[in-house]
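Just so it is clear: chains get the letters A, B, ... in the order the sequence lines come, proteins before strands, and each one is counted from 1.
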There are 2 protein chains.
Amino acid sequence: MATGAARPRRATIHDVAAEAGLSRGTVSRVINAERYVSDEARVAVEAAIARVGYVRNTAARNLKTQQSHAIGLIVHEPHSLFLEDPVIGAILLGTNAILSEADYQLVSLVIDSDRDSDRVAEYLSGGFVDGVIIISARSGDPIAHAVVKLGIPAAFVGHPPDIEGIPFIGIDNFAGAKAITERLLATGRRRVGMIASALDRDSGQDRLAGFRAALGDAFDPNLVVDYPLYSHGTGLSGMRQLLSRAPDIDGVFAASDSIAAGALDGLREAGRRVPDDVGIVGFDDSAWALRCQPTLSTVRQPADALGRLAAERVLSQLRGEQVPKFGTLLPTSIVWRDSA
Amino acid sequence: MATGAARPRRATIHDVAAEAGLSRGTVSRVINAERYVSDEARVAVEAAIARVGYVRNTAARNLKTQQSHAIGLIVHEPHSLFLEDPVIGAILLGTNAILSEADYQLVSLVIDSDRDSDRVAEYLSGGFVDGVIIISARSGDPIAHAVVKLGIPAAFVGHPPDIEGIPFIGIDNFAGAKAITERLLATGRRRVGMIASALDRDSGQDRLAGFRAALGDAFDPNLVVDYPLYSHGTGLSGMRQLLSRAPDIDGVFAASDSIAAGALDGLREAGRRVPDDVGIVGFDDSAWALRCQPTLSTVRQPADALGRLAAERVLSQLRGEQVPKFGTLLPTSIVWRDSA
DNA sequence: TTGTAGGCGTTATCAA
DNA sequence: TTGATAACGCCTACAA
C-alpha cells in the first residue's frame, strides 16, 4: 500500500471471479460492458463486485490499454486569469463534468513560468494524458505547437492566434457586442462611445465591429478610443479621453468588465452619475461585474458550455471520429444590472 | 496508442538496456537513483536514455509499486471560493510546486454538489491518490470524515472544525488582525471600530480577539458590529450601523476584504472620504483589495506557503515519517495601500 | 556491482 | 458465451 498505515488489500478481478464462480475474462467483459455476456453471468458478477467491494485498478488498465484515461487542461497565466477570472473556473467545471461522465480524469496543468512550459511539454510527450484542452493560448505558444507536433487530440478554448488544424471553441464576440450596444441604445442614450481594446486580437476586433454594427449610421469614430490592454487603467484613461472629446456623452460600451470598472471610476471623478447621467456596459460578466458600484450590465460568456464542448471535441477524437478542424462560436447572453 | 493518428511507440527500459548494452535491472537502478551503480554504467545509461528518448511509463510503475504517485487537492465551494478567491489559486500553485519536485502529480478534485462529494469519496477509496490535501473543510464535511476513515495520508489547509488526528496548516488570524489594527492606530485614528464576521469560526473569533488586543484599554464594544457572512453586504450594513452609532468614527477594521469593500460603499453614500475622513483596512489581500477605490490596506495570507507546507506534510506521511497531528500557524504580513 | 526473472491487475486473443 | 493465457513495462529480490 501507499503508506505505512496498513490499509486492507484491494479486491481484484481475481477475487471477483472466485466469488462469482466465473473466469476473470467474463468478469472483465461485464466490467467493460461488452457483448457476449449472459444475463445470468452479468448478475452474478455484479453481485460479486458489490460483495467484495471491487474497484478497478487504473494503473493496470492503463498499462494494458496503453492509455492514461486522463485529459490535461492547460491554463496559462495563473496570476492574471486562473486565479481571478471566474470564467476559467466555470470552464474547468464544465470540462470536468463531461470528462468524468466518460470516465476520464481531468488533470490541471498550470503554466506559471518558462520552466513549467518545458515541463508540461515533456509531460505531454510522456503519454500521461490522452488528450489536451488548452485555454487562452497566445501567439507563438510553445505548448500549443508541441501539441500540434505530437499529434495529441486537442481542443482550444478561445481562438488561438496562429494555430491550424485543431478545433477551437469560442464565443461570438461580434454578436455579443452588438446585442449589448443595442440594449444600451434602447435605454434612450444618444451619444454612445466605446472604449475598445486588444485590437490586435480577434476578440477585440469583433467587439468593436459589433459595436459599430449596432450603431449603424449613428457610429461616430470620434467616440471610440482604444488601448492595448483589457485593464482597469485602460478604462480610467479611456473614460477621461472620451469625456474630454465629448462632454455630452451619455453611454459607454467598455470592451471588458475591467475596463468598465475603470471607466466607472473615471466618471466618478468627473462627477457624473451612473446610470443617471451616463449608462455603461461591459463584457465578460467577470468578477468585476458584481463588485462594481453600481453593478455592471454586461455580456455573459457561456463558460460552462465552452468547457463541456471542448471536452466533447477531445473525446470525439479519442473515439476516432472526425471533428471539425475549425472553430465553433457559442452565443452569449446579456446580464442587465444597474450600470445602464 | 491512444488515438488513430499513429504516434511512434515509446521507448521502454528494454530499449534503453539494449542501447546501453546493459541489463534492464541496471537501467532501472539508474533511473531510480539507487546505489550500487558504477559511474561507467550510469553514464552509459543516461546517454542511451537521451538517444532513444526514454520516458518512464507511469502506469507500469504504479502497477508495480502499488502507488498512484498522485495527490488529490480537494476544493469545496467552487462558485464562491475556487472561482474568485486568489488565495485558493496561490495555494494550488504552492502545492503543485512541491509535489512536482517530488515527482507527484497533483489532481484537483472539485466538489460542486453532493453527487460530487460521493464520487470523490469513492475516488479516494479507489486508490487513485496516495494522499490528499483538503482546502476549506467545514463542519461535518463528509469527505474529511471519509479521509479519516480510510486512513489516507492527508493535510488540511485551514482549521477543520471537528476533525482530529490530521495535521492542518492555517494562518495566525490573531496576530494578523492585531498587527493591522496597530498599524491603523499608528496613522493617528482615535475612534476605531470593527465589522466582525463569522464569529462561529476560529478565523472570525481570532480576528476579533486580535483587534481587541491591539486596542487594549481603548477597546469600545459599542464600536464592534458583527454579521454571519464575510460579504460585501455585511460591509455595507455594518458600516451604516457603525456610522449611526458613532458618527465621529475615523477608522475601521473589516474582518475581510469583501467586507471592507462594502464598508467603502457605505462610507461613500454617507459622504465620507477615504482615507481622509476614515481609514479602513481589510483582511485576506484577495481580489477585492486591488479593485476597490481606493485600493485596500490589508493583511496578506502566505497562500503559497500554505500550499507548500500542506504538500510537505502529506509527503512526509508517505515516507512514513511522523508528522505533527496538530496544526501549524503561518504568520501573515501587512500590505499597505491607499485606504488607510 | 550487475544480470535474471517473477509478478503487479488488466485486457484481449484464441480455443473450447 | 465462456475460459485459459499471453502480454503491457516496470521494480526488486535473489543469484551471480
side-chain hydrogen bond (donor to acceptor under 3.5 Å, both in side chains) contacts touching residues 87-100 of chain A (sequence neighbours left out): Ser100(A)-Arg119(B)
Any [X] side-chain N or O less than 4.0 Å from OP1/OP2 of [N]:
X        : N       : result
Asn32(A) : dT11(C) : yes
Ser28(B) : dC10(D) : no
Gln66(B) : dG9(C)  : yes

For a 4.5 angstrom cut-off between non-hydrogen side-chain atoms, does [X] reach [Y]?
X         : Y         : value
Ile74(B)  : Val120(B) : yes
Tyr54(B)  : Asp15(B)  : no
Arg10(A)  : Val55(A)  : yes
Ser117(A) : Ile143(A) : yes
Pro302(A) : Ile171(A) : yes
Ile133(B) : Phe156(B) : no

Anything under 3.5 Å between a protein N or O and an N or O of nucleotides 14-16 of chain C, put it in a table, one pair a line.
none

Please report the distance, rounded to the nearest Å, between [atom1] in [X] and [atom2] in [N].
X        : N       : atom1 : atom2 : answer
Arg61(B) : dC8(D)  : CZ    : C1'   : 16 Å
Ile13(B) : dG6(C)  : CD1   : P     : 18 Å
Leu63(B) : dG9(D)  : CG    : P     : 12 Å
Arg35(B) : dA13(D) : CZ    : P     : 13 Å
Gln67(A) : dG9(D)  : CD    : P     : 14 Å
His14(A) : dT11(C) : NE2   : C1'   : 15 Å

Gap between atom OH of Tyr104(B) and atom CG of Asp130(B) - 0.5 Å precision: 5.0 Å
Heavy-atom pair with the smallest gap, counting every atom of Ile134(A) and Ala144(A): CD1-CA, 4.1 Å
Backbone of Gln322(B) reached by a side-chain donor or acceptor of Gln317(B) within 3.5 Å: no
Within 6.0 angstrom of His14(A) NE2, more than 12 heavy atoms from elsewhere: no
No-hydrogen, no-angle side-chain donor-acceptor test under 3.5 Å, Ser68(B) and Asn62(B): no
Donor-acceptor side-chain pairing of Asn32(A) and Arg61(A) below 3.5 angstrom: no
Rounded (10°) bend between the five-pair end axes of the helix from dT1(C)-dA16(D) to dA16(C)-dT1(D): 40°
Near-strand residues of residues 36-55 of chain B, defined as heavy-atom separation under 4.0 angstrom from DNA chain D: Tyr54(B)
Residues within residues 15-24 of chain A bordering DNA chain D, heavy-atom distance below 4.0 Å: Leu22(A), Ser23(A), Arg24(A)
Side chain Lys64(A) and base dA12(C) donor-acceptor under 3.5 Å: no
Pair listing, salt bridge (Lys or Arg N to Asp or Glu O under 4.0 Å) test, anchored in residues 22-51 of chain B, at least two apart: Glu19(B)-Arg51(B)
